[in-house]
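Chain letters run A, B, ... following the sequence lines, proteins first, then strands; residues in each count from 1. Bear in mind that the values here come from a model prediction, so they are computed numbers and not experimental data.
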Number of protein chains: 2
Amino acid sequence: MNYSVVVVDDHFLLSQAIGGLVQKFDNFDVLYLCKNGKELLDKFEDPKNIPDLVLMDIKMPILNGIETAEKLKKDYPDVKVLALSIEEDEYTILKMLRAGAKGYLMKDTKKDILEKALLEVMLKGQYYTNNVSKILMESIEKNIDTEIKDKELEFIKLACTDMSYKEIANAMFCSYKTVEGYRDSLYKKLGIKNRIGLMLFAIQHNIFTP
Amino acid sequence: MNYSVVVVDDHFLLSQAIGGLVQKFDNFDVLYLCKNGKELLDKFEDPKNIPDLVLMDIKMPILNGIETAEKLKKDYPDVKVLALSIEEDEYTILKMLRAGAKGYLMKDTKKDILEKALLEVMLKGQYYTNNVSKILMESIEKNIDTEIKDKELEFIKLACTDMSYKEIANAMFCSYKTVEGYRDSLYKKLGIKNRIGLMLFAIQHNIFTP
DNA sequence: CAAAAAAAGGGGGATTTCCCCCTTTTTTTA
DNA sequence: TAAAAAAAGGGGGAAATCCCCCTTTTTTTG
């Protein structure tokens, strides 16, 4: 009996391609494809649509990968989730793993690595590439008390631009004072003292890639 | 008759190793090794010490590669200069080429590339690796009127640090107002409006590598 | 060598950033 | 559901940054 897999990705071409690959693997069958998390959860209403493993993008419209993974962890804890994304920053990857993903693959992963990852997740419960393991290790070493909120992450990315805080507030649809709040809280918890320090932090943690 | 080569580098181990490589090449002989530009120019007093080609580091004590190349261009225009350095920024490479170097090689260049470069410089007058050609092309496209001075370059590198301008002035042994002058002139000629913009520029042009 | 250009230094004001400490609203959690 | 925590917003002052315009000294160049 093969393991059943569902691919969730808003880029239909990509999910089709990946579905095609998975279908060819010996121990796996593709059950169906979805365009976002909402569609997936709707499908799950019918128990025969619940797969062994979900291969899911992070950035998706309506219900994104992290939110979907959290719901799956709560309501369908037996379904394994494997994240599949291009170039996310360290904190997003970390959040996806905290949300219950058993591993994280780059979209340009070679097909035998994909097969290996699928198998390991089904057999051993998880699969981490070198990169991801490194991020995990570092996050354990350094960031015990430094969890960065979504809005703060968004702010950091804009702060790596030559925009003033006033302009950033505009872009984030919030008040200037709120933006100052994000900045102050980040400066405090990251132990930095100015915007250049924030930018250096962002580069070092792949939040911003120049 | 083989071409004669002199290697100039303050790291004696390295210049010995490179000298050894060059000696083995079919068309080249090593005349002698030098530790800096001053030593080289002293040697040149005796005409039989003047080689066909000088393979020279940029960062050296007493007389550096750029200054030496300028003197050679003036007093010994027939001697070809090939720069040999690790990870310099775009503007330093450009300055070395303006000073008369016929090409620029990374220190970790493979030995057949080194041989190829030496031959091409002797036969065709120049050798540019892909990287260097790209920098040259870009400098022609964009930076016609933007030449960055030494002190400005030094300032940019420090501005990519979380130091305040006061601290930078201290580090550069000059007044705070002078540093402000460097900044203002850079902002004007690069068309940027704040320190983040300067940092982005520095990263894009390999002046600062995070 | 004289004129021109560049480097170094400065004054002063407008703006932005930094760093506290505070209130109200929303969200979490026990 | 009540208490606690977090998010959002704000006041205000000190410091840093930005942006002019100016003088003196040094260097370059015709």
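For the pair A:E180 CD and D:dG9 C1', the interatomic distance rounds to 11 Å; values are reported in whole Å. For B:R183 and C:dT17, the CZ to P distance is 13 Å, given to the nearest whole Å. Between the C1' atom of C:dC18 and the CZ atom of A:F155 lies a distance of 11 Å, rounded to the nearest Å. Put simply, CD1 on A:I148 is 12 Å from P on D:dA7, counting in whole angstrom units. To the nearest angstrom, C1' of C:dT16 lies 13 Å from CG of A:N194. Here the P atom of nucleotide D:dG9 and the CD atom of A:E152 are 14 Å apart, to the nearest Å. One atom, CG of A:N170, and another, P of D:dG9, lie 13 Å apart when rounded to the nearest Å. Whole-Å rounding puts the A:Y165 OH to C:dT17 C1' distance at 6 Å.
Taking both residues in full, the closest heavy atoms of B:P51 and B:V54 are given as CG-CG2, 3.9 Å, listed atom of the first, atom of the second, then distance. Nearest heavy-atom pair across A:E120 and A:Y127 is OE1-CD1, 3.5 Å.
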Chi angles and distances behind the ring-ring contact (aromatic ring centres under 6.0 Å, His included) call for A:Y76, A:F44 | CA-CA 9 Å; A:Y76 309 92; A:F44 275 29; 4.8 Å; yes

After noting the C-alpha distance and the side-chain angles of A:D184 and A:K188, does the key distance pass the salt bridge (Lys or Arg N to Asp or Glu O under 4.0 Å) rule?
-> CA-CA 6 Å; A:D184 291 354; A:K188 194 176 249 177; over 6 Å; no

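Contact check, B:K193 against D:dC18: no side-chain N or O comes under 4.0 Å of OP1 or OP2. An OP1 or OP2 oxygen of D:dT17 is reached within less than 4.0 angstrom by a side-chain nitrogen or oxygen of B:R195. Here A:S175 reaches the OP1 or OP2 of D:dG10: one of its side-chain N or O atoms lies under 4.0 Å away. For B:Y187 and D:dC19, the shortest distance from a side-chain N or O to OP1 or OP2 is not below 4.0 Å. Contact check, A:T178 against D:dG9: a side-chain N or O comes under 4.0 Å of OP1 or OP2. For C:dA8, one of the phosphate oxygens OP1 or OP2 lies less than 4.0 angstrom from a side-chain nitrogen or oxygen of B:Y182. Contact check, B:Y176 against C:dG9: no side-chain N or O comes under 4.0 Å of OP1 or OP2. For D:dA8, the OP1/OP2 oxygens have a side-chain nitrogen or oxygen of A:K151 closer than 4.0 Å.
Between A:I192 and B:K177, the residue anchored closer to the 5' end of DNA chain C is B:K177, taking for each the nucleotide with the nearest heavy atom.
For C:dT16, the paired base is D:dA15 (Watson-Crick or G-U wobble, both distances below 3.5 Å). Across every strand in view, C:dA5 sits in a pair with D:dT26 that passes the Watson-Crick or G-U test at under 3.5 angstrom.
Within the 3.5 Å criterion, the main-chain N or O of B:M60 finds no donor-acceptor partner in the side chain of B:N36.
Comparing D:dG9, C:dA7, C:dC18 by their nearest atom to the side chain of A:C174 picks out D:dG9.
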